[in-house]
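Below: one structure, written as structure tokens.
Numbers restart at 1 for each chain; the letters A, B, ... are given by sequence-line order, proteins then strands.
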Number of protein chains: 2
Amino acid sequence: MINTQDSLRQFKAEFFQALAHPTRIAIVEQLRNGELSAGALIERLGIEQANASQHLAVLRAKNIVINRKTRNQVFYSVRHPLIIEVLDIMRRYFHAHMSEMVATLKAIDKVEKIRK
Amino acid sequence: MINTQDSLRQFKAEFFQALAHPTRIAIVEQLRNGELSAGALIERLGIEQANASQHLAVLRAKNIVINRKTRNQVFYSVRHPLIIEVLDIMRRYFHAHMSEMVATLKAIDKVEKIRK
DNA sequence: CAACAATATTCGAAATCTCTTATATAGTAA
DNA sequence: TTACTATATAAGAGATTTCGAATATTGTTG
């Protein structure tokens, strides 16, 4: 038996899966300030053309990016501003996380010094 | 050459990966209002004990949940409130997404009707 | 101690993901 | 048409994820 809750979780899981790769996160971040062509993305990220195209296909499949074809170029952009918002929260989370990790390392260091 | 940007993206990707499964999202959602024992989670989610334990291990490894052992039980809780915040944004994103999907379906439906 | 309860870990098979290489498609220009 | 540019897709190998079954660990109780 499948309910709305399950569908919602499935949806969220697929969304997270789509962003669960450094290259795809880099793509979305590059598109933060507006659209870029596939070629521009490839140049900025310094990755293989086929690889970039595959990652873009993943992001497209999950509706995280949309594309617009003009002449023989394809321009990509982030489909919804909330996606950028999620990444921003992640940055805050990362910083909070990092602070804690640094604090923990300092504490360990202190203990090490006392031991000597 | 590895820089902070890359580490940050790696970190974000691993975080997303950790949440990229319906069961793990369900776990975090169950822990939204406070800690629960592993047993309580298993009961609420209706999944295999070993499976739950494996998913909890993934969430632990990425510091998304923390645990506290008391007697012969283990109580889990979400480590950082920003994680809940991310899921909340996801809910908003989902709803925005759904509205668009419904709108699209209605539009298609309208076209279908006009055709007949 | 033995038996039990709660949870974690290991193992192996199936599914999924990621990368590189090769090829296909579509638009443009000569 | 042929050649070229930009992008997408297919195919296959290797890595990772996921699950259930079995087993291990740890704390409790009699």
What integer distance in Å separates [X]:[atom1] from [N]:[atom2]?
| X | N | atom1 | atom2 | value |
| --- | --- | --- | --- | --- |
| A:Leu56 | D:dT7 | CG | C1' | 10 Å |
| A:Gln10 | D:dT18 | CD | P | 12 Å |
| A:Leu59 | C:dT18 | CG | P | 11 Å |
| B:Asn67 | D:dT26 | CG | C1' | 14 Å |
| A:His55 | C:dC19 | NE2 | C1' | 8 Å |
| B:Glu14 | C:dC17 | CD | P | 17 Å |
| B:Gln54 | C:dA13 | CD | P | 16 Å |
| A:Lys69 | C:dG27 | NZ | C1' | 12 Å |

Discussion item. Would the base of D:dA21 count as contacting B:Glu48 through its side chain, where contact means a donor and an acceptor less than 3.5 Å apart?
Written reply: no
Worksheet entry | Donor-acceptor pair (no angle test) under 3.5 Å: B:Gln49 side chain, C:dA8 base | yes
Discussion item. Side chain of B:Asn72, heavy atoms from C-beta onward: which of D:dG20, D:dT28, D:dT7 has the nearest atom to it?
Written reply: D:dT28
Worksheet entry | Residue B:Ala50, side-chain heavy atoms: nucleotide from D:dA22, C:dA6, D:dA8 that is nearest | D:dA22
Worksheet item: Taking atom CD of B:Gln10 as the centre, does the number of heavy atoms from other residues, nucleotides or ligands within less than 6.0 Å exceed 12?
Response: yes
Discussion item. Base, sugar-phosphate or nothing for B:Phe75? Non-hydrogen atoms, less than 4.0 Å.
Written reply: nothing
Worksheet item: Which is it for A:Lys62 and A:Arg24 under the side chain to side chain contact (heavy atoms under 4.5 Å, CB included) test, yes or no, and what are the steps along the way?
Response: CA-CA 12 Å; A:Lys62 295 297 153 49; A:Arg24 293 197 290 270; over 6 Å; no
Worksheet item: B:Arg32 versus B:Asp88: any side-chain heavy-atom pair under 4.5 Å?
Response: yes
Worksheet item: Which of parallel (below 30°), tilted (30 to 60°) and perpendicular (above 60°) describes A:His21 and A:His55?
Response: tilted
Discussion item. Using modelled atom types and a 3.5 Å cut-off, is there a donor and acceptor pairing between side-chain atoms of A:Arg79 and backbone atoms of A:Asn63?
Written reply: yes
Worksheet item: Which value, rounded to the nearest 0.5 Å, describes the distance between A:Leu31 atom CG and A:Ile84 atom CD1?
Response: 7.5 Å
Worksheet item: Looking at A:Tyr76, does any N or O in its side chain come under 4.0 Å of the phosphate oxygens OP1/OP2 on D:dA6?
Response: no
Item to complete: Indicate whether OP1 or OP2 belonging to D:dT29 is found under 4.0 Å from a side-chain N or O atom of B:Arg71.
Response: yes
Response to the item:
Looking only at heavy atoms, the pair that brings B:Ser53 and B:Arg60 closest together is O-NH2, 4.2 Å
Discussion item. Walk me through whether A:Gln17 and B:Gln17 qualify under side chain to side chain contact (heavy atoms under 4.5 Å, CB included).
Written reply: CA-CA 6 Å; A:Gln17 178 58 47; B:Gln17 178 56 47; 3.5 Å; yes
Fill in: End axis versus end axis in the helix from C:dC1-D:dG30 to C:dA30-D:dT1, the angle rounded to 10°, five pairs used at each terminus
10°
Practice prompt. Would you jot down, in residue-number order, the residues of residues 15-47 of chain B having a non-hydrogen atom under 4.0 Å from DNA chain D?
Written response: B:His21, B:Arg24
Item to complete: Using heavy atoms to find the nearest nucleotide of DNA chain C for B:Ser53 and A:Asn51 separately, return the residue whose nucleotide is more 5′.
Response: B:Ser53
Item to complete: Report the C-alpha separation of A:Leu56 and A:Leu41 in whole Å, then their side-chain angles, then the decisive distance to 0.1 Å, and conclude whether the side chain to side chain contact (heavy atoms under 4.5 Å, CB included) test is met.
Response: CA-CA 10 Å; A:Leu56 284 169; A:Leu41 282 170; 4.0 Å; yes
Worksheet item: Run the side chain to side chain contact (heavy atoms under 4.5 Å, CB included) check on B:Phe16 and A:Ile25 step by step: do they pass?
Response: CA-CA 10 Å; B:Phe16 285 131; A:Ile25 289 176; 3.8 Å; yes
